[in-house]
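Please read these numbers as outputs of a predicted model, since none were measured by experiment. Every number for a ligand or one of its atoms is a count from 1 in the order of the listing.
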Amino acid sequence: MHMSDLRHDWQREEITALFALPLNDLLHRAHGLHRSYHDPNAVQISTLLSIKTGACPEDCAYCPQSARHNTALERERLLGVGEVLAAARAAKAAGATRFCMGAAWRNPTDRNLDKVIELVGAVRGQGLQTCVTLGMLSGAQAQRLGDAGLDYYNHNLDTSPEFYGEIITTRVYQDRLDTLAHVRDAGVKVCCGGIVGMGESVDDRAGLLQQLANLPQHPESVPVNLLVQVQGTPLYGAPALDPIEFARTVAVARVLMPQSVVRLSAGRAQMSDELQALCFFAGANSIFYGERLLTTENPEQQRDRELFARLGLHAAAAAH
Ligand code: SAM
Ligand code: DTB
Ligand code: SF4
């Protein structure tokens, strides 16, 4: 391990140069770092549950849950403790170590937060790590979640600052950075990444990773989502990203944030086993497991079990 691996001063050109390396050179560098910081055959497993679905006031162009897009999604009110506990127990029995709850809010009200805190306590009681993603938080709200023992807060930067305005107009990049700072200050671990395959340029992918790596502390967890194209969203029909370019994004994330857990997140159902294998070599070491992400499909559990067996991967033990 070298402290010089952990930098927070990445320049955009250095990152685009990594993207432009011959693939074998990039993979060699990424996998070498991966091995020096992680067990290369262990994959952390999280399971997602949408605790409040649809009718979101935000206009994120990728998202099936925005009230502004005409998707087939049925809205649902905030789930109760019983429903959430049943899902958490099933996730634990299937091998998940972390249970992540997502709500389609711009931000939680304080009353919403009371209910989420109750859910966090109940899920923690099952011996699972907890993660929630609820939109923007004030400093006081982040502190309340920290006090409740929440392990992770997911809040993505989604893309580069330059491309951001093409994707979301109802809140700005700085709002996201502010929420991330509140989460950090509250002592909650940060889960922060983005989405690729939205029609962004390689410079935008580099810009997203630059923002993440140059945060005062690297996020402990970095989800790399491949856009799941949902009919009725503005990004439906966007040109598909070259799978090799997706693997390069994972590899560059690994090089920039060697100690972080990089999650191969949304989009796995649309990926070949070979692409996923390449991503695990390039530095991905976490997945969402279970047949559903929030509202869209994830691979069948049987398919993932077979994939792990074929690749000789095992589920990572829960970190203490
Ligand atoms: N509403 C909260 C927010 O936006 O922060 C929390 C839930 S939101 C669905 C969480 C993340 O899911 C988004 O930041 C985005 O990165 C990801 N996401 C949403 N729709 C997606 C899609 N169609 N494909 C890939 N990722 C998606
Ligand atoms: C993240 O980065 N990916 C997850 C999680 N954080 C909340 C969400 C993916 C959502 C994919 C679209 C859907 O299923 O609605
Ligand atoms: Fe709402 Fe989150 Fe979807 Fe944006 S990503 S529309 S904030 S649920």
Colleague: Look at atom 8 (S) of ligand 1 and say whether a protein heavy atom is found at less than 4.0 angstrom from it.
Modeller: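 No, because not a single protein heavy atom sits under 4.0 Å from atom 8 (S) of ligand 1.
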Colleague: Any chance CD of E14 has more than 12 other-residue heavy atoms, nucleotides or ligands included, within less than 6.0 Å?
Modeller: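 Counting other residues, nucleotides and ligands, CD of E14 exceeds 12 neighbours.
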Colleague: Within a 6.0 Å radius of atom CD on E291, are there more than 12 heavy atoms belonging to other residues, nucleotides or ligands?
Modeller: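 Yes.
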Colleague: Identify, by atom number and element, the atoms of ligand 3 in contact range of A104, meaning under 4.0 Å from any of its heavy atoms.
Modeller: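 Taking each heavy atom of A104 in turn, ligand 3 has 8 (S) under 4.0 Å.
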Colleague: Give the numbers and elements of all ligand 1 atoms closer than 4.0 Å to a heavy atom of L294.
Modeller: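 It comes down to these atoms of ligand 1: 9 (C).
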Colleague: Which bit of D158 gets closer than 4.0 Å to ligand 1, counting heavy atoms only: side chain, backbone, both or neither?
Modeller: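 The answer is the side chain of D158.
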Colleague: Considering only heavy atoms of P223, which atoms of ligand 2 have at least one such atom less than 4.0 Å away?
Modeller: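 Those of ligand 2 that fall under 4.0 Å from P223 are 2 (O).
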Colleague: Can you tell me how far CZ of F288 sits from CG of N225, rounded to the nearest 0.5 angstrom?
Modeller: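 That separation rounds to 7.0 Å.
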Colleague: How close does the nearest protein non-hydrogen atom get to atom 6 (N) of ligand 2, and which residue and atom is it?
Modeller: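 Protein heavy atom at minimum distance: N154 OD1, 3.2 Å.
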Colleague: Check whether more than 12 heavy atoms from other residues, nucleotides or ligands sit under 6.0 Å from atom CZ of R303, and answer yes or no.
Modeller: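 More than 12 heavy atoms, drawn from other residues, nucleotides or ligands, come within 6.0 Å of this atom.
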Colleague: In the protein, which heavy atom is nearest to atom 6 (C) of ligand 1, and how far is it?
Modeller: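 I find the closest protein heavy atom is T133 OG1, 3.1 Å.
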Colleague: Atom 1 (C) of ligand 2: which of L48, N225, V132, V222 has the nearest heavy atom?
Modeller: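 Result: the heavy atom closest to atom 1 (C) of ligand 2 is in N225.
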Colleague: Going by an N to O cut-off under 4.0 Å, is there a salt bridge joining R310 and E274?
Modeller: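 Salt bridge: no.
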Colleague: Has R248 got a side-chain atom pairing as donor or acceptor with F19's backbone, closer than 3.5 angstrom?
Modeller: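 Yes; at least one donor-acceptor contact below 3.5 Å.
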Colleague: Answer side chain, backbone, both or neither: which part of T296 comes under 4.0 Å from ligand 2, heavy atoms only.
Modeller: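 Both backbone and side chain.
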Colleague: Out of M198, R171, M101, who is nearest to atom 4 (O) of ligand 1 when you count heavy atoms only?
Modeller: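 Of the listed residues, R171 has the closest heavy atom.
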Colleague: Taking CD in E74 as the centre, count heavy atoms belonging to other residues, nucleotides or ligands within less than 6.0 Å. Is the count above 12?
Modeller: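 Counting neighbours around CD of E74, 12 or fewer heavy atoms of other residues, nucleotides or ligands fall under 6.0 Å, so no.
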Colleague: Which atoms of ligand 2 sit under 4.0 Å from any heavy atom of T133?
Modeller: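 Under 4.0 Å from T133, ligand 2 has these atoms: 7 (C).
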Colleague: So, 4.0 Å and heavy atoms of A103: is ligand 1 close enough to count as a contact?
Modeller: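 The answer is yes, since A103 has a heavy atom less than 4.0 Å from ligand 1.
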Colleague: Got the closest protein heavy atom to atom 4 (Fe) of ligand 3, with its distance?
Modeller: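 Closest protein heavy atom to atom 4 (Fe) of ligand 3: C60 SG, 2.3 Å.
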Colleague: Report the member of W105, Y62, Y236 with the shortest heavy-atom distance to atom 20 (N) of ligand 1.
Modeller: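 Residue with the shortest heavy-atom distance to the ligand atom: Y62.
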Colleague: Do the non-hydrogen side-chain atoms of V230 and Y62 ever get within less than 4.5 Å of each other?
Modeller: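 They are not in side-chain contact.
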Colleague: Hey, are Q141 and R144 close enough side-chain-wise for a donor-acceptor pair under 3.5 Å?
Modeller: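 No pair is found: no donor N or O on one side chain lies under 3.5 Å from an acceptor on the other.
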Colleague: If the cut-off is 4.0 Å to any non-hydrogen atom of C63, which atoms of ligand 3 fall inside it?
Modeller: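 With C63 as reference, the close atoms of ligand 3 come out as 3 (Fe), 5 (S), 6 (S), 8 (S).
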Colleague: May I ask which of C56, S50, A55 has a heavy atom nearer to atom 1 (Fe) of ligand 3 than the others do?
Modeller: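 The option holding the nearest heavy atom is C56.
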Colleague: Picking from I15, L209, L212, what satisfies side chain to side chain contact (heavy atoms under 4.5 Å, CB included) with W10?
Modeller: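 Among I15, L209, L212, the one that satisfies the side chain to side chain contact (heavy atoms under 4.5 Å, CB included) with W10 is I15.
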Colleague: Nearest heavy atom to atom 8 (C) of ligand 2 wins, so pick from L294, V230, V224.
Modeller: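 Among L294, V230, V224, the closest heavy atom to atom 8 (C) of ligand 2 belongs to L294.
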Colleague: Between ligand 1 and N156, is the shortest N or O to N or O distance under 3.5 Å?
Modeller: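 N156 vs ligand 1: N/O contact under 3.5 Å present.
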Colleague: With heavy atoms only and a cut-off of under 4.0 Å, state how E58 meets ligand 1: side chain, backbone, both or neither.
Modeller: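 Neither part.
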Colleague: Say whether Y62 and ligand 2 are in contact under the criterion: heavy-atom distance to a ligand atom below 4.0 Å.
Modeller: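 Y62: no contact with ligand 2 (<4.0 Å).
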Colleague: Can you find a protein heavy atom under 4.0 Å from atom 12 (O) of ligand 1?
Modeller: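 No, there is none.
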Colleague: List the closest protein heavy-atom neighbour of atom 7 (S) of ligand 3: residue, atom name, distance to the nearest 0.1 Å.
Modeller: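 Among all protein heavy atoms, the one nearest atom 7 (S) of ligand 3 is R171 NH2, 3.1 Å.
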Colleague: Run through Q210, Q211, H218 and flag the one making a side chain to side chain contact (heavy atoms under 4.5 Å, CB included) with N214.
Modeller: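 Among the candidates, only Q210 passes.
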Colleague: For atom 4 (C) of ligand 2, what is the closest protein heavy atom, and at what distance to 0.1 Å?
Modeller: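 The closest one turns out to be F288 CE1, 3.7 Å.
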Colleague: Which of the atoms in ligand 2, numbered in the order shown and given with their element, are less than 4.0 Å from a heavy-atom of L293?
Modeller: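 This gives 14 (O) as the contact atoms.
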Colleague: Answer with yes or no whether the side chains of R171 and Y164 bring together a donor and an acceptor at under 3.5 Å.
Modeller: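 No.
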Colleague: Below the 3.5 angstrom mark, is there an N/O of N156, backbone or side chain, next to an N/O of ligand 2?
Modeller: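 Min N/O separation from ligand 2 is below 3.5 Å for N156.
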Colleague: Checking a contact table here: which protein heavy atom is nearest atom 17 (C) of ligand 1, and how many Å away?
Modeller: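 The answer is I195 CD1, 4.2 Å.
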Colleague: Give a yes or no on whether the backbone of S260 and the side-chain of R254 come within a donor-acceptor separation of less than 3.5 Å.
Modeller: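 Looks like yes, one N/O pair under 3.5 Å.
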Colleague: For G135 and ligand 1, answer yes if some heavy atom of the residue is under 4.0 Å from a ligand atom, otherwise no.
Modeller: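 Per 4.0 Å heavy-atom rule, G135 contacts ligand 1.
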Colleague: Donor-acceptor pair, Y173 side chain versus T159 backbone, under 3.5 Å?
Modeller: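 Looks like yes, one N/O pair under 3.5 Å.
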Colleague: For atom 24 (N) of ligand 1, grab the closest protein heavy atom and report residue, atom and distance to one decimal in Å.
Modeller: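 In this structure, atom 24 (N) of ligand 1 has V228 N, 3.0 Å as its nearest protein heavy atom.
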Colleague: Can you find an N/O atom of T295 closer than 3.5 Å to an N/O atom of ligand 2?
Modeller: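 For ligand 2, there is an N or O atom that lies under 3.5 Å from one belonging to T295.
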